[in-house]
Amino acid sequence: MTITETTTETSYADLEQAHTSGVYSKRPLTIVRGAGATLYDEAGRAYLDCGAGIGVANIGHCHPAVVAAITAQAATLTICQEAFHNDQRALLQAELAAVLPAGMERIFLCNSGTEAVEAAIKFARLATGRPGIIAAMRGFHGRTFGALSATWEAHYREPFAPLVPEFSHIPYNNLARLESAITPATAAVLLEVVQGEGGVRPGEAEFLRGAQRLCRERGILLILDEVQTGFGRTGKMFACEHFALEPDLLCLAKALGGGLPMGAVGIGRRIGELSVGSHGSTFGGNPLACAAARTSLQVLQDEHLAEQAAEKGAWLLARLRAIRSPRIREVRGLGLMIGIELKEKVAPYLQTLQNEHGIIALNAGTTVLRLLPPLVIGWDELERLALALEAGLG
Ligand SMILES: *Cc1c(COP(=O)(O)O)cnc(C)c1O
């Protein structure tokens, strides 16, 4: 029996349930196609995607320019180890450097957000010769051991103890606590600009600017994790631009690859030369992902998607803040990264949005409804989303 025969008899959902690892909680929906801000299930039903593959599809699903770039590059060269130079990698690094904060001329390429954070932690230890990393409560940085050690939430961490030593956590937006956590062993402070998984909690200017000032004064490094906030999501190309921050290391992934797996670390001036062999990745900087990322960056700029995210996000935030409901605790956000904190569990609302309104949204923790729509979402689609949320929550 061939696979095709199997799948005609058994649903894809059943097949996955039989063979998936079990580490994901799954919704009973099989997505097979996407275009712009729309996803389609196997029966052809359309869904407005307000999750974007968890903040990946900023330029929309299957953007024609990215499809063309990937198709051409797939027929040219998909893999080229970093021992050699490559045209697509060279151009991507130059094009990224042109949009990164001032002085960030060097870029390490990898394949995911957690890898970007791992690299930044290693670079910080290498550059300072010190082990300590201060991260924030409610922070999320990934699930490999270094990144996991910086991640706050107990259910991600506790089953895997002991984690990497010398990590500590301070309350987010609390500068006094950050200052008192600094020790002679501190290498770096690692923060999100808007905490994503932790409930869509924007950083305050005073805290973020103050953290940068403290880092400079004490000779420690500032690592910003913009894996979720990068590439237009918050209304600027990078969220650190809202506060004129110049991090020493900037972690990127999610939307970077235009839908393909890719991560990167921007490396600032205060990081000295990194020694040959100190870090690396087989797939990092592969020409296929680089071609996709170059095109995605071009689309973000050509279509002014950061500006669009600012405008659309402000509109949606105002609309959602106007909902008078005893069920809503707070509406927070920056650009098209929006969280609605409920006084109850969010799962039933996500199900209603999906089943009754054909809208896919995300959670952040158990009580926050998180919206990360593609930045290309149309005004008519935003209106549909606002109406559905007003009906569901109002
Ligand atoms: C998603 C995320 C990560 C981890 O990225 P993966 O690609 O899933 O490893 C790290 N940091 C932040 C802020 C994220 O949102």
Side-chain angles (χ1 to χ4, degrees), residues 21 23-25 51-58 108-124 133 135-153 155-157 160 163-164 167 169 172-173 188-203 208 211 222-234 236 238-240 242 245 247 249-266 281 283-284 286 289 292-293 296 332-339 362-365 368 370-373:
S21 64
V23 304
Y24 299 104
S25 114
I54 318 186
V56 169
N58 286 14
F108 174 78
L109 295 171
C110 51
N111 314 286
S112 67
T114 202
E115 283 178 60
V117 173
E118 291 296 325
I121 293 167
K122 287 180 73 176
F123 295 161
I133 306 287
M137 294 173 182
R138 294 205 172 99
F140 181 89
H141 301 286
R143 299 164 185 273
T144 53
F145 272 93
L148 183 63
S149 304
T151 292
W152 163 251
E153 189 58 51
H155 76 268
Y156 294 129
R157 301 164 54 88
F160 305 102
L163 300 181
V164 180
F167 281 70
H169 292 85
Y172 193 61
N173 282 333
V189 174
L190 166 55
L191 297 169
E192 293 160 272
V193 181
V194 179
Q195 292 189 317
E197 304 299 311
V200 189
R201 295 167 199 279
L208 295 168
L222 177 64
I223 308 173
L224 292 182
D225 179 348
E226 290 228 36
V227 167
Q228 191 161 148
T229 52
F231 300 101
R233 171 60 55 194
T234 70
K236 301 275 188 194
F238 302 108
C240 60
H242 289 286
L245 299 171
L249 293 159
L250 181 63
C251 302
L252 303 169
K254 288 199 164 95
L256 165 62
L260 261 57
M262 189 173 218
V265 183
S281 165
F283 285 114
N286 72 79
S296 175
R332 299 183 288 264
L334 192 62
L336 277 175
M337 180 170 183
I338 293 178
L362 302 170
N363 66 302
V368 177
R370 178 171 43 152
L371 301 168
L372 299 174

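For reference, positions follow the sequence shown, starting with 1. In each ligand, atom 1 is the first atom listed, and ligand 1 is the first ligand listed. What's counted below: heavy atoms across the whole structure, side chains too, no hydrogens, waters or symmetry copies.
Checked against a 3.5 angstrom limit, the closest N/O atoms of Gly142 and ligand 1 fall outside it.
Scanning the protein heavy atoms around atom 5 (O) of ligand 1, the nearest turns out to be Gly113 CA, 3.2 Å. Residue, atom and distance of the protein heavy atom nearest to atom 1 (C) of ligand 1 are Lys254 NZ, 1.5 Å. When only non-hydrogen protein atoms are considered, atom 11 (N) of ligand 1 lies nearest to Asp225 OD2, 2.7 Å. Protein heavy atom at the shortest distance from atom 9 (O) of ligand 1 is Thr114 N, 2.8 Å.
Those atoms of ligand 1 that come under 4.0 Å of a heavy atom in Glu192, given as number and element, are 13 (C). Taking every non-hydrogen atom of His141 and a distance limit under 4.0 Å, the qualifying atoms of ligand 1 come out as 10 (C), 11 (N).
Of all heavy-atom pairs between Ser296 and Ala255, the closest is OG-O, 3.9 Å. Minimum interatomic distance between Glu226 and Cys240 (heavy atoms only, all atoms of both residues): OE2-N, 2.7 Å.
Taking CG of Leu256 as the reference point, atom CG of Leu109 lies at 7.5 Å (rounded to 0.5 Å). Here Asn58 contributes atom CG and Leu336 contributes atom CG; the two are 9.0 Å apart, rounded to the nearest 0.5 Å.
The closest donor-acceptor contact from the side chain of Arg332 to the backbone of Val200 lies under 3.5 Å.
Side-chain contact, Thr229 with Thr234: no donor N or O sits under 3.5 Å from an acceptor N or O.
At a heavy-atom cutoff of 4.0 Å, ligand 1 is contacted by no atom of Arg143, backbone or side chain.
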